[in-house]
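To keep things clear, I will list the structure first and then write my remarks on it.
Just so you know, these numbers use all the heavy atoms, side chains as well, and skip hydrogens, waters and symmetry mates. Naming: A, B, ... by sequence-line order, numbering from 1 per chain.
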4 protein chains.
Amino acid sequence: MAEEMEQWLSSLLRLTDEEEKMTEKQIKIIQAAVDIFADKGYASTSTSEIAQRAGVAEGTIFRHYKTKKDLLLSIVAPVMSKLVAPFVLRDLHQVLDTEYEQFEDFLRAMMRNRLEFVVKHAPIVKIMLHEIPFHPELQSQFKEQLFPQVGERLKRIITHFQSRGDLIEMPPFALLRMSVSAIMGYIFTRCYLFPEHDWNDEEEIERVVNFIMHGLAPRKE
Amino acid sequence: MAEEMEQWLSSLLRLTDEEEKMTEKQIKIIQAAVDIFADKGYASTSTSEIAQRAGVAEGTIFRHYKTKKDLLLSIVAPVMSKLVAPFVLRDLHQVLDTEYEQFEDFLRAMMRNRLEFVVKHAPIVKIMLHEIPFHPELQSQFKEQLFPQVGERLKRIITHFQSRGDLIEMPPFALLRMSVSAIMGYIFTRCYLFPEHDWNDEEEIERVVNFIMHGLAPRKE
Amino acid sequence: MAEEMEQWLSSLLRLTDEEEKMTEKQIKIIQAAVDIFADKGYASTSTSEIAQRAGVAEGTIFRHYKTKKDLLLSIVAPVMSKLVAPFVLRDLHQVLDTEYEQFEDFLRAMMRNRLEFVVKHAPIVKIMLHEIPFHPELQSQFKEQLFPQVGERLKRIITHFQSRGDLIEMPPFALLRMSVSAIMGYIFTRCYLFPEHDWNDEEEIERVVNFIMHGLAPRKE
Amino acid sequence: MAEEMEQWLSSLLRLTDEEEKMTEKQIKIIQAAVDIFADKGYASTSTSEIAQRAGVAEGTIFRHYKTKKDLLLSIVAPVMSKLVAPFVLRDLHQVLDTEYEQFEDFLRAMMRNRLEFVVKHAPIVKIMLHEIPFHPELQSQFKEQLFPQVGERLKRIITHFQSRGDLIEMPPFALLRMSVSAIMGYIFTRCYLFPEHDWNDEEEIERVVNFIMHGLAPRKE
DNA sequence: GATGAATGAGATTTCATTCAT
DNA sequence: AATGAATGAAATCTCATTCAT
């Protein structure tokens, strides 16, 4: 059902910021830009190269995006929003933090879901990763929107399971960090370090979830 | 004693590839370049900016480094070597993979040691992280030297403890991945996401080590 | 009629490689470049000087010619082709080597024709002369295209008149060399050494033709 | 005896402007410069390249030659002098224009002698040829010294044989031009166009001399 | 909307020359 | 005499952006 919700949200988002009312050329431009930005980095990509790859005149890019940076933002911003969306949305709709019976159900759902997202948007996520540190506009989006909203929500979930005695006593932020490290460690290895390797996602998800569950279980003396 | 060895190695390396017979201006250039590359990224940094910050004529940069990329490589390459060095060295000197009594001693030593390294070379490590994906020269150094050597050695250590029954049955590469994820997750959070936060490294190292040890302990039914 | 053919050929060539779909500024650039290259030599001419003389921004040059050398080649190459053209063309159209009744008619036509060509393209010919030795691209054009085609055809003509008993017994290449020396000697003196002198071309052509005819006539005992 | 005289002159010249009181490094510099200038042209040769080839520090060149152009002049000037020397000298010593019995003896001697000179100094002659048009200093040497002196002397010789009835009635300058064309045509072909070809100099000299003698003989009706 | 020639500011790089050692 | 680090002016080239068509 979390999935359903995201479906709905995605369609909502798509309407507002993507591919609707885009001309064919505009779509080509975005595609070309994503490809080359991911390949060579934003700063090393020239607008003329994008135009060429998109099969479009140089001027056409600037008809749609005032500047090169505008083009970057128009690519990265909606994906950043989508990253927050599921978390934000549940809050908005008062979905309880207890929608998952067990912490491991939550972990499993979350990991599957984020993995799917990264796989789907791999190049754009790569662009985000590389460009966030160098563009204050993106950083602020990240530090002011994404992190607080997502972080806060996750911390609440963790505190919930901790208070139920399912997780070890420890500052929630540390718990969060370790869970996320384990999950991201897999996603990163899987999508960036060895994307060509033949991965069995379900098996690996199970491993990571077990790793976290045992690693963060309350210590029994 | 692993520390001692690295001390010795570092001094060895330093002699061979760094700061020897560098002119004062050359050192200033490197320092300026490291600062600005870390701050704005390689591609967005102009050589004139480096020259200015270094208090040097622009031509001086090109007397010492044939191209801007040469300058980048001369900064990143030695640090990449140092990253491998400890692992390589122990092999060379036949130090057994069993030099640590317990896996957690090994984890602790390794995490402390790598954290120290990243803290010390934070800007250069940042540059590496950002530039490796875009420079084939660096990628090959990484994929052909660093990864195989380090990866192999680590896998051997893990297999050792696994065969002793200290670690859960699982492909060694998965064990390795999860250990490294947990460690890197901390280092990354600590050094890049929230460097200004007031960290208690020893406490956090203990947490991460415990997380890994419990997470990867053999399951008792 | 050889003239007519070349007219036709020239117009053909002009269509394919010159001044078609050139912008006004592009033509100005070529003109400026020819002037200054001829005056100071390719290597001593700066693109900024060319831009200035052409009344164009420096960037404009590089929009049309990827490099400075490209600009040089785009100037020299078509003229080199035109140098070969008349010889090649006659071959193509099976015009017999006997189209001239007498060797001296051929010499006269050829000398007049080449002189006219050099007079018309003096600056570009000067550029060619100076740059061919230093640019492998041009050398190969010269050694692989121009020389074999022209040389072969001329040798055939000479052999023809020699077999008729109009020319002295001697290796054709030596005959060719001496004829060409005499002709080129005049053209060079006339166009490069003393262009300002008041030349009577017809008279001089007669002199040179007579010189060659007597110099290369079969020796009577 | 013309040869003897030139011997003497050469040694005289050598004393004044060459290789005497040159340090070993200075000689290396000159050699390197000649090589590279001949190979790539003066303007495209960098002083650092010369220094490298000469095995000398960059500064050393400027200790001996105030500027790069000074270096060029110090290479070209003495050879230009040597080109004039034989002609000038004979005048000075009142050697009669009639030192040769026949015009063809003169041609033969002159052609042999100049060919030998060009063969010996081929790279420097190449440099001269290419640089004279672009350096006023060299041009003036050429137009004011070399040409008038040599030209005047040659014209006198030609007039002499003409007045004896050995040469056709014609402006002496035209006679001179044609003789020189024929001679230079060979030297140029032999030394620049096809230096690698296996030339039989004596045979070719005979051919050229005969060509000139017949070409310029008085016409008998 | 689309084009692509034109721009000019600025990036990288070269290089003759100087100067302290 | 010799060195080679340093310089700064200038050269080649790049590129985001504008604008007339």
Side-chain angles (χ1 to χ4, degrees), chain A residues 22-26 28-29 43-52 54-71, chain B residues 21-26 28-29 43-51 54-71, chain C residues 21-26 28-29 43-51 54-71, chain D residues 22-26 28-29 43-52 54-71:
Chain A
M22 267 189 171
T23 74
E24 194 194 346
K25 304 235 166 195
Q26 206 170 346
K28 286 250 186 74
I29 289 169
S44 312
T45 300
S46 72
T47 49
S48 86
E49 201 180 350
I50 296 171
Q52 213 173 324
V56 148
E58 304 199 34
T60 307
I61 293 176
F62 292 90
R63 176 151 298 281
H64 295 288
Y65 306 93
K66 271 221 310 262
T67 66
K68 187 185 164 193
K69 186 165 243 166
D70 257 31
L71 175 57
Chain B
K21 56 201 167 117
M22 267 189 170
T23 66
E24 195 193 345
K25 304 237 167 189
Q26 205 171 346
K28 287 248 185 78
I29 289 169
S44 311
T45 301
S46 76
T47 49
S48 85
E49 202 179 350
I50 297 171
V56 150
E58 205 166 349
T60 306
I61 293 176
F62 291 92
R63 159 157 290 275
H64 294 290
Y65 306 93
K66 277 219 299 269
T67 63
K68 188 185 163 195
K69 186 161 226 165
D70 253 33
L71 175 57
Chain C
K21 58 201 162 112
M22 267 191 172
T23 65
E24 193 194 345
K25 304 236 167 191
Q26 205 171 347
K28 287 249 187 76
I29 289 168
S44 313
T45 300
S46 76
T47 50
S48 87
E49 202 179 349
I50 296 171
V56 148
E58 204 166 349
T60 307
I61 294 176
F62 292 93
R63 158 157 292 273
H64 294 290
Y65 306 92
K66 275 220 299 276
T67 63
K68 188 186 161 193
K69 185 162 226 165
D70 254 33
L71 176 56
Chain D
M22 269 189 169
T23 74
E24 194 194 344
K25 304 234 165 195
Q26 208 171 344
K28 286 249 185 77
I29 289 169
S44 311
T45 300
S46 72
T47 49
S48 85
E49 201 179 351
I50 296 171
Q52 215 173 324
V56 147
E58 304 200 33
T60 307
I61 292 175
F62 292 90
R63 179 150 296 280
H64 295 288
Y65 306 93
K66 271 219 315 261
T67 66
K68 187 186 166 194
K69 186 166 243 168
D70 256 31
L71 176 57

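Both C/Arg63 and B/Ser48 lie near DNA chain E, and the one whose nearest nucleotide falls closer to the 5' end is C/Arg63. Of the residues near DNA chain E, D/Gly59 and A/Lys25, the one whose nearest nucleotide (by heavy atom distance) lies more toward the 5' end is A/Lys25. When the nearest nucleotides of DNA chain F are assigned to C/Lys69 and B/Glu24 by heavy-atom distance, the more 5′-ward of the two goes with B/Glu24. With DNA chain F read from its 5' end, the first of the two nearest nucleotides for A/Phe62 and D/Ala57 is the one closest to D/Ala57.
For A/Glu58, the salt bridge (charged side-chain N to carboxylate O under 4.0 Å, His left out) criterion is met by C/Arg63, not counting sequence neighbours. Applying the side chain to side chain contact (heavy atoms under 4.5 Å, CB included) criterion to D/Phe62, with sequence neighbours excluded, gives D/Thr47. Remark: A/Lys66 pairs with A/Asp70 by the side chain to side chain contact (heavy atoms under 4.5 Å, CB included) rule, at least two apart or across chains. Every residue two or more places apart in sequence or in another chain that forms a side chain to side chain contact (heavy atoms under 4.5 Å, CB included) with A/Ala43 is listed here: B/Ala43, B/Ser44.
For the pair C/Glu49 CD and F/dC13 C1', the interatomic distance rounds to 18 Å; values are reported in whole Å. Counting to the nearest Å, the P atom of F/dA2 and the CD atom of D/Gln26 are 8 Å from each other. The interatomic distance linking D/Tyr65 (OH) with F/dA1 (P) rounds to 11 Å, in whole Å. Atoms NE2 (B/His64) and P (F/dT7) sit 9 Å apart, rounded to a whole Å.
Where pairing requires Watson-Crick or G-U contacts shorter than 3.5 Å, the helical stems of DNA chain E with at least three consecutive pairs are E:2-21 with F:2-21.
At a threshold of 4.5 Å between non-hydrogen side-chain atoms, the residues A/Leu71 and A/His64 do not count as touching.
Residue-level contact check: A/Thr47 touches the bases, meaning some heavy atom is under 4.0 Å from a base atom. Heavy atoms of C/Glu58 sit under 4.0 angstrom from at least one base atom. Within 4.0 Å of D/Thr45, counting heavy atoms only, lie sugar-phosphate atoms of the nucleic acid but no base atom.
The nearest pair of heavy atoms linking A/Gly55 to A/Lys25 is O-NZ, 4.2 Å. Here the closest non-hydrogen pair linking D/Ala51 and D/Ile61 is N-CD1, 3.7 Å. Between B/Ile29 and B/Ile50, the shortest heavy-atom distance links the atoms O-CG2, 4.0 Å. Nearest approach of B/Lys68 to B/Thr45, heavy atoms of both residues: NZ-O, 2.8 Å.
With F/dC13, F/dT3, F/dA16 as the choices, the nucleotide that has an atom nearest any side-chain atom of D/Thr60 turns out to be F/dT3.
Look at C/Ser46 and you won't find any side-chain N or O under 4.0 angstrom from OP1 or OP2 of F/dA10.
Nucleotides of DNA chain E lying under 4.0 Å from heavy atoms of chain B occupy a range whose first and last members, 5' to 3', are E/dA11 to E/dT14.
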